[in-house]
**Student:** 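The structure's right below; bear with me while I get my questions together.
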Amino acid sequence: MSHRCWLVKSEPETFSIDDLAASPRRMTSWDGVRNYQARNFMRAMAVGDRVFFYHSNADPPAVVGIAEVSRTAYPDDTQFDKSGDHYDPDSLPDAPRWDMVDIRFLEKFDQAVSLDRLRKEPRLKGMTLLKKGSRLSVQPVTPSEWDIIVKLGKAHKR
DNA sequence: GCCAACGTTGGC
DNA sequence: GCCAACGTTGGC
């Protein structure tokens with residue numbers, strides 16, 4: 001059975017792919033997602049699914065590497081933390097509204113694949129990330145999109 | 001159910 | 001820092 005592919009966004013100043021690689025066991029819980037569509041995509045993730053790590057609000061914005069899902073969706077504890085930024089007063093402990101998954105670092109690309117570069121690739125034209133106004137922080141990636149981007153991330157030898 | 005107001009995202 | 005696009009909220 002093959003795994004599905006995803007993309008998650010993070011601002012590198014907040015949490016970069018290097019932060020992920022430097023985390024204990026190279027893992028982190030992907031908390032703080034507060035968008036229903038993004039949450040539903042996380043709920044559809046399976047252990048072993050591949051995940052592109054995208055740096056948003058970066059210079060340049062870019063896909064910078066690969067992680068994998070190491071734990072399927074479970075309640076995001078930050079929704080109950082009154083002192084935290086992600087507190088949701090409307091979420092009840094016996095019916096949590098927001099979930100998170102765990103992801104583990106797999107690799108950093110030899111070369112980041114910038115948003116600009118992605119836009120230049122005709123075969124990526126339909127990609128969710130490239131759609132006008134798309135702000136989804138967790139989104140699916142098709143297998144063909146995956147392969148194209150992985151190739152772009154490998155260093156060119158000549 | 002409509003839609004204006006508001007807050008957020010994220011490229012530039 | 002600006003602002004377009006989007007999602008959510010709440011009055012009606």
Side-chain angles (χ1 to χ4, degrees), chain A residues 4-23 27-45 49-69 72-103 105-142 144-146 148-154:
Chain A
R4 273 176 291 189
C5 307
W6 308 93
L7 178 147
V8 299
K9 298 178 182 174
S10 184
E11 301 193 14
E13 301 219 340
T14 304
F15 191 84
S16 71
I17 192 164
D18 293 329
D19 293 328
L20 178 62
S23 297
M27 280 177 43
T28 197
S29 51
W30 207 252
D31 61 21
V33 173
R34 296 294 180 268
N35 169 285
Y36 288 105
Q37 210 179 343
R39 180 203 67 183
N40 293 342
F41 284 132
M42 286 202 297
R43 287 182 174 173
M45 289 179 178
D49 281 2
R50 294 315 196 224
V51 181
F52 279 140
F53 200 106
Y54 178 83
H55 281 173
S56 61
N57 266 315
D59 186 22
V63 179
V64 291
I66 300 174
E68 69 174 346
V69 175
T72 54
Y74 62 107
D76 177 347
D77 43 21
T78 66
Q79 69 197 298
F80 303 120
D81 176 8
K82 287 195 172 85
S83 60
D85 288 342
H86 300 297
Y87 177 59
D88 181 351
D90 297 327
S91 184
L92 305 172
D94 49 354
R97 175 177 295 180
W98 305 111
D99 282 358
M100 58 189 177
V101 295
D102 289 352
I103 66 167
F105 174 86
L106 285 183
E107 68 176 273
K108 189 174 172 179
F109 283 160
D110 298 320
Q111 50 190 16
V113 183
S114 71
L115 184 58
D116 220 42
R117 182 67 190 86
L118 295 173
R119 288 217 169 97
K120 281 182 184 148
E121 179 54 56
R123 294 176 63 203
L124 294 177
K125 202 161 183 189
M127 201 180 168
T128 301
L129 183 73
L130 304 183
K131 297 226 168 90
K132 188 176 177 183
S134 172
R135 305 184 313 178
L136 254 190
S137 64
V138 178
Q139 56 184 258
V141 171
T142 69
S144 64
E145 290 164 353
W146 182 271
I148 293 164
I149 294 169
V150 167
K151 286 194 183 91
L152 293 172
K154 306 277 183 201

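Small disclaimer: the values here were computed from a predicted structure and weren't measured. Scope of the values below: all heavy atoms of this structure, side chains included, with no hydrogens, waters or symmetry mates. All chains are named by letter (A, B, ...) in the order of the sequence lines, taking the proteins before the strands, and each is independently numbered beginning at 1.
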**Student:** Which side-chain N or O atoms in residues 50-63 of chain A pair as donor and acceptor under 3.5 Å with protein atoms at least two apart or in another chain?
**Tutor:**
| unit_1 | atom_1 | unit_2 | atom_2 | d |
| --- | --- | --- | --- | --- |
| A:Arg50 | NH1 | A:Gly48 | O | 3.1 |
| A:Arg50 | NH1 | A:Glu68 | OE1 | 3.1 |
| A:His55 | NE2 | A:Ile17 | N | 3.1 |
| A:Asn57 | ND2 | A:Glu11 | OE2 | 3.0 |

**Student:** State which residues pass salt bridge (Lys or Arg N to Asp or Glu O under 4.0 Å) with A:Arg34; sequence neighbours excluded, sorted by chain then number.
**Tutor:**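 A:Arg34: salt bridge (Lys or Arg N to Asp or Glu O under 4.0 Å) contacts with A:Asp76.
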
**Student:** Can you give me every donor-acceptor pair (side chain of residues 124-134 of chain A, partner residue at least two apart or in another chain, under 3.5 Å) with its distance?
**Tutor:**
| unit_1 | atom_1 | unit_2 | atom_2 | d |
| --- | --- | --- | --- | --- |
| A:Lys131 | NZ | A:Gly126 | O | 3.3 |
| A:Ser134 | OG | A:Thr128 | O | 3.2 |

**Student:** Side chains of A:Asp81 and A:Thr78: do they bring a donor and an acceptor to under 3.5 Å?
**Tutor:**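 A:Thr78 and A:Asp81 do not have a side-chain donor-acceptor pair below 3.5 Å.
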
**Student:** Run the ring-ring contact (aromatic ring centres under 6.0 Å, His included) test against A:Phe15 and tell me which residues pass, sequence neighbours left out.
**Tutor:**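 Scan of A:Phe15 (ring-ring contact (aromatic ring centres under 6.0 Å, His included), adjacent residues dropped) gives none.
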
**Student:** Which nucleotide of DNA chain C is the first, and which the last, in the 5' to 3' direction, to come under 4.0 Å of a heavy atom belonging to chain A?
**Tutor:**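 Contact span on the strand: C:dA5 to C:dT8.
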
**Student:** Closest nucleotide of DNA chain C for A:Asp90 versus for A:Asn57: which of these residues is on the 5' side?
**Tutor:** A:Asn57

**Student:** Apply side chain to side chain donor-acceptor pair (under 3.5 Å) to A:Tyr74 and list each qualifying residue two or more places apart in sequence or on a separate chain.
**Tutor:**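 Expected list: A:Asp102.
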
**Student:** Scan the side chains in residues 106-120 of chain A for donor-acceptor partners under 3.5 Å anywhere in the protein, sequence neighbours excluded, and list what turns up.
**Tutor:**
| unit_1 | atom_1 | unit_2 | atom_2 | d |
| --- | --- | --- | --- | --- |
| A:Lys108 | NZ | A:Asp18 | OD1 | 2.9 |
| A:Lys108 | NZ | A:Asp18 | OD2 | 3.3 |
| A:Asp110 | OD2 | A:Ala155 | N | 2.9 |
| A:Gln111 | NE2 | A:Leu152 | O | 3.1 |
| A:Gln111 | NE2 | A:Lys154 | O | 3.2 |
| A:Ser114 | OG | A:Arg117 | N | 3.0 |

**Student:** Can you sort out the partners of A:Asn35 under side chain to side chain contact (heavy atoms under 4.5 Å, CB included), two or more places apart, ordered by chain and number?
**Tutor:** A:Gln37, A:Ala38, A:Leu136

**Student:** Can you list, in residue-number order, the parts of residues 116-135 of chain A that come under 4.0 Å of DNA chain B, counting heavy atoms only?
**Tutor:** A:Arg119, A:Arg135

